[in-house]
Visitor: 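I have a structure I would like to understand better, so I am pasting it below and will then ask my questions one at a time.
Position 1 is the first residue of the sequence, and the numbers go up from there.
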Amino acid sequence: MGASTARRAAISALTNFRGVPPRVNFKETPVKEVFSSNVFNEEVQRQRLPKAVFKKLQQTIRKGAPLDLSIADSVAAAMRDWAVEKGATHYTHLFYPMTGLTAEKHDSFLAPTEAGGALLEFSGKELVKGEPDASSFPSGGLRATFEARGYTAWDATSPAYILENPNGTTLVIPTAFVSWTGEALDKKTPLLRSMEALSSQALRVLRLFGKTDASKVFTTVGSEQEYFLIDRNFYYARPDLINCGRTLFGAKPPKGQEMEDHYFGNIPERVLACMLEVEQELYKLGVPVKTRHNEVAPAQYEIAPLFENSNLAADHQMLTMETLRRVAEKYGLACLLHEKPFAGVNGSGKHNNWSMATDTGENLLSPGETPHENAQFLVFCAAVIRAVNKYAELLRVAVAFAGNDHRLGAQEAPPAIISIYLGEQLQDIMDQIESGGAKSAKPGGHMEVGVTTLPRLPRDASDRNRTSPFAFTGSKFEFRAVGGGQSIAGPNTVLNTIVAESLDYIATKLEADKKLGKDFNKSVQNLLASIIKENKRVIYNGDNYVPEWPKEAEKRGLPNLKTTVEAVPHLISKASLELFAKYKVLSEKELHSRYEIYLENYIKTVSIEAQMTAVIARTMILPAALKYQQEVASSVAAAKAAGVTGKDLAAQEALLQELASTVSALQTKTSALAALAENHAHGDSLAHAKYIRDKLLPAMVAVRSLGDKLETIVSDDLWPLPTYREMLFIK
């Protein structure tokens with residue numbers, strides 16, 4: 001089947017799609033009965049575990065107490081019996097290697113007996129530790145290829161669950177993944193370490209405020225997920241989407257998102273059916289998804305959960321992405337999670353709503369009714385401001401990779417400059433503090449809508465800023481620079497660690513003043529004033545998209561790390577090495593390994609895209625253009641033979657000339673791209689990454705511009721690739 005034939009077949013298959021039989025029926029099984037039905041959660045544990053075992057396990061889960069290994073056999077037996085009752089034949093230790101994806105190896109419960117029968121076995125030892133091969137996962141030099149041993153360690157704080165399949169089920173046990181020498185080879189281990197570091201420092205501050213009831217502080221996250229859904233027939237007809245996750249060619253359609261008619265619009269029937277099944281699957285797994293809606297770009301959507309502790313939220317976020325991909329297939333759709341699958345169209349982010357809460361349920365970033373009088377809130381808020389200002393480069397590193405480079409700063413997402421939006425009310429309070437003490441807070445009041453039948457709406461004290469990379473939104477900070485296909489574990493590891501350092505700084509200052517007998521309230525006011533004065537450069541409440549902001553940011557001395565290649569070296573700066581080592585989140589070896597992994601990922605990603613660009617240009621676009629050129633040339637020759645001359649033939653000859661020159665340029669630029677892709681820069685990983693950024697990316701853009709130009713010239717019936725106007729608008 002030719003490429004153009006494949007495109008026509010894709011459209012035909014889509015338009016003749018008749019849907020799938022209903023799969024979800026919340027009338028028969030209400031949502032509240034579905035929720036967490038496949039999770040080995042606290043309720044199941046209470047029912048199935050001996051009381052003493054349950055109590056010890058909950059101490060680990062809720063209070064962060066060390067895991068008592070003596071209870072492992074009892075927990076394993078209960079977990080096995082529960083899973084088998086749900087049809088499980090195998091179990092797997094799920095882990096999160098530095099690929100940014102999930103990994104799993106399935107083992108059977110089955111154990112043959114000497115008598116020829118079989119038992120179902122699952123011991124505490126098997127629950128607590130697994131041993132997958134670590135040699136083929138990214139390690140950044142931590143492990144040589146022949147050093148294959150790696151261990152998975154049971155994470156009791158993230159509950160096990162059942163993964164359903166048409167032919168059976170599997171018990172899934174979330175785990176950490178470490179090397180034989182003890183270094184973290186995953187994204188979960190540093191996240192758990194960072195949560196402990198922040199908890200320790202936050203408790204010091206709370207004790208100074210007389211809070212003795214809290215025994216642990218969690219960071220909480222609610223992560224909004226943006227994604228695209230296109231028909232799977234189109235997906236299979238686009239080699240770039242299959243291999244790279246984004247389109248490497250595609251002319252801007254006559255209509256994109258200019259009419260602003262997709263955002264929050266009516267959800268297409270097939271898409272809504274898919275969403276409902278996604279939600280049902282996530283409910284079973286205990287993922288508290290709350291919101292669904294159309295996003296800004298055509299064919300773009302969003303799903304958002306309620307807040308959970310950072311570790312569980314990160315696990316659930318990975319589950320959400322996997323579920324979106326898996327369920328979409330059932331509805332003849334392909335889920336695209338790339339940050340920029342379509343050039344010139346709004347990309348996909350993952351807004352990371354972050355806060356801090358005690359195990360007694362207190363949100364430490366909730367301002368209350370009188371935020372100017374809430375000294376504890378102001379201290380924790382000031383800690384975040386200081387952290388973001390002092391470690392802006394690290395926050396940028398946390399969201400730095402090839403896919404996100406296409407999105408950040410593209411007038412659809414926050415710029416690469418890290419700044420904080422506080423809002424009118426909180427900004428006013430901080431200004432008062434800097435000037436000597438906060439005396440008042442601007443009230444929110446009410447809005448008069450002007451229609452008597454409508455309710456009188458309470459007005460929030462501050463507006464929202466959707467252009468800021470790090471915005472205070474009421475009782476949390478929203479980190480908006482996280483990429484759509486990215487694990488949130490890395491960004492939250494950085495965020496937890498830098499805030500832990502700020503809380504450490506604050507606690508140390510206040511504890512010193514207390515030893516000297518100074519008035520606590522006075523010490524707090526003085527410290528807050530100094531923090532605001534020293535870190536206010538990072539606060540910006542304006543429009544981050546305007547061209548004046550980068551100039552203003554430069555005057556303030558804020559870093560503007562526009563690309564991954566500029567950002568990643570800050571991961572191994574002296575400040576970074578000292579920070580992560582001090583709080584035992586990442587060792588120097590672990591940081592250097594991640595530095596190498598991030599650069600290697602960037603190099604491989606762009607190299608694959610470059611090779612695919614050349615392949616598509618040569619084997620799909622060029623043949624179509626040459627065929628059309630032949631048709632035009634034949635038409636011109638026929639016209640001349642018929643006696644058509646002069647101005648009557650000029651337009652056809654001009655078209656032929658434009659085709660010939662564009663085809664020639666495409667061949668030249670494609671050959672140049674292929675040659676560049678085969679070369680490697682001399683030097684280390686950073687040198688190679690710079691070569692990729694400075695040489696390969698511009699060459700890809702040059703080839704793409706010519707390919708996109710040809711899409712607007714070549715006859716539509718010859719064009720081999722599904723177009724933007726088809727993929728985005730044919731539902």
Side-chain angles (χ1 to χ4, degrees), residues 60 63-64 95-96 98 100 153 155-158 174-178 182-205 216-223 307-318 352-359 364-365 380 383-384 386-388 390-399 470 476-477 479 482 486-507 570-573 575-591 593-595 597-598:
T60 295
K63 304 294 183 181
F95 57 101
Y96 309 92
M98 293 302 296
D155 175 17
T157 65
S158 184
T175 64
F177 182 45
V178 297
E183 289 93 0
L185 295 174
D186 66 345
K187 292 181 176 290
K188 177 185 280 285
T189 303
L191 177 60
L192 290 170
R193 293 171 180 170
S194 73
M195 292 175 68
E196 291 193 2
L198 185 139
S199 179
S200 176
Q201 303 307 322
L203 287 173
R204 288 174 62 196
V205 174
K216 191 172 183 63
V217 172
F218 298 91
T219 52
T220 61
V221 172
S223 185
F307 282 71
E308 301 177 282
N309 85 65
S310 296
N311 178 44
L312 188 56
D315 287 359
H316 281 171
Q317 178 53 223
M318 298 301 290
N352 192 84
N353 296 283
W354 180 94
S355 191
M356 295 173 278
T358 67
D359 56 352
L364 300 178
L365 287 179
F380 278 93
V384 177
R386 179 183 176 276
V388 173
K390 186 174 180 181
Y391 297 105
E393 293 90 347
L394 283 180
L395 278 177
R396 176 66 182 89
V397 173
V399 294
F470 203 90
K476 61 188 184 299
F477 281 96
F479 188 20
V482 181
Q486 179 181 10
S487 165
I488 64 172
N492 284 291
T493 296
V494 171
L495 191 49
N496 294 344
T497 307
I498 64 177
V499 174
E501 189 276 337
S502 271
L503 291 171
D504 185 0
Y505 169 84
I506 289 171
H570 290 277
L571 187 64
I572 55 172
S573 67
S576 177
L577 293 172
E578 290 177 350
L579 170 75
F580 287 107
K582 179 178 181 180
Y583 298 99
K584 299 180 180 179
V585 174
L586 288 163
S587 68
E588 183 172 343
K589 285 178 65 178
E590 289 170 329
L591 280 170
S593 77
R594 279 152 179 77
Y595 165 81
I597 289 169
Y598 293 164

Visitor: Provide the closest heavy-atom pair for F307 versus G222 in the form atom of the first, atom of the second, distance.
Guide: CD2-N, 3.8 Å

Visitor: Taking all atoms of both residues into account, what is the closest heavy-atom pair of W354 and V221, and its distance?
Guide: CD1-CG2, 4.1 Å

Visitor: Could you tell me whether a side-chain N or O of T219 sits under 3.5 Å from a main-chain N or O of S310, the two making a donor and an acceptor?
Guide: no

Visitor: Once rounded to the nearest 0.5 Å, what's the spacing between atom CZ of F470 and atom CG of L495?
Guide: 4.5 Å

Visitor: At their closest point, which heavy atom of N492 faces which heavy atom of S194, and how far apart are they?
Guide: O-OG, 4.1 Å

Visitor: Are side-chain heavy atoms of I498 and K390 found at a separation under 4.5 Å?
Guide: no

Visitor: Might you work through the side chain to side chain contact (heavy atoms under 4.5 Å, CB included) test for I506 and R386, ending with a clear yes or no?
Guide: CA-CA 10 Å; I506 289 171; R386 179 183 176 276; 5.6 Å; no

Visitor: Flag the pair E501 / K582 as yes when at least one side-chain heavy-atom distance between them is below 4.5 Å, and no otherwise.
Guide: no

Visitor: Can you check whether L365 reaches K476 side chain to side chain, under 4.5 Å on heavy atoms?
Guide: no

Visitor: Distance check, rounded to the nearest 0.5 Å: H570 atom NE2 versus L395 atom CG?
Guide: 12.5 Å

Visitor: Rounded to the nearest 0.5 Å, what separates atom NZ in K216 from atom CG in N309?
Guide: 9.0 Å

Visitor: Is there a donor-acceptor pair under 3.5 Å between the side chain of S502 and the backbone N or O of V499?
Guide: no

Visitor: Nearest 0.5 angstrom please: L394 CG to L579 CG, how far?
Guide: 6.5 Å

Visitor: Kindly compute the distance separating CD1 (I488) from CG (N353), expressed to the nearest 0.5 Å.
Guide: 10.0 Å

Visitor: Under the side chain to side chain donor-acceptor pair (under 3.5 Å) test against K188, which residue among T175, T493, N311 passes?
Guide: N311

Visitor: When you compare the side chain of F479 with that of V399, does any pair of heavy atoms fall below 4.5 Å?
Guide: yes

Visitor: What closest approach, in Å, do R193 and K584 show between heavy atoms, and which atom pair accounts for it?
Guide: CD-O, 3.4 Å

Visitor: Hey, does the side chain of E183 reach the backbone of S587 with a donor-acceptor pair shorter than 3.5 angstrom?
Guide: no

Visitor: Quick one: does V397's side chain get under 4.5 Å of V494's, heavy atoms only?
Guide: no

Visitor: Before giving the answer on side chain to side chain contact (heavy atoms under 4.5 Å, CB included), spell out for H316 and L312 the whole-Å C-alpha distance, their side-chain angles and the decisive distance to 0.1 Å.
Guide: CA-CA 6 Å; H316 281 171; L312 188 56; 3.6 Å; yes

Visitor: To the nearest 0.5 Å, what is the distance between CD (Q317) and CD (Q486)?
Guide: 10.0 Å

Visitor: Could you please spell out the steps behind the side chain to side chain contact (heavy atoms under 4.5 Å, CB included) verdict for F477 and V388?
Guide: CA-CA 11 Å; F477 281 96; V388 173; over 6 Å; no

Visitor: Could you check whether any side-chain heavy atom of M318 comes within less than 4.5 Å of a side-chain heavy atom of S487, counting everything from C-beta outward?
Guide: yes

Visitor: Any heavy-atom pair between the side chains of L192 and T157 that's under 4.5 Å?
Guide: yes

Visitor: Is there side-chain contact between F218 and L198, with at least one heavy-atom pair below 4.5 Å?
Guide: no

Visitor: How close do L591 and S576 get, heavy atom to heavy atom, and via which atoms?
Guide: CD1-O, 3.9 Å

Visitor: Considering non-hydrogen atoms only, spot the tightest contact between D186 and T189 and give its length.
Guide: OD1-OG1, 2.8 Å

Visitor: With sequence neighbours left out, what residues match Q201 under side chain to side chain donor-acceptor pair (under 3.5 Å)?
Guide: R204

Visitor: Quick one: ring-ring contact (aromatic ring centres under 6.0 Å, His included) partners of F580, sequence neighbours excluded?
Guide: none

Visitor: Can you list the residues that meet the ring-ring contact (aromatic ring centres under 6.0 Å, His included) rule with F95, with sequence neighbours excluded?
Guide: F137, F177

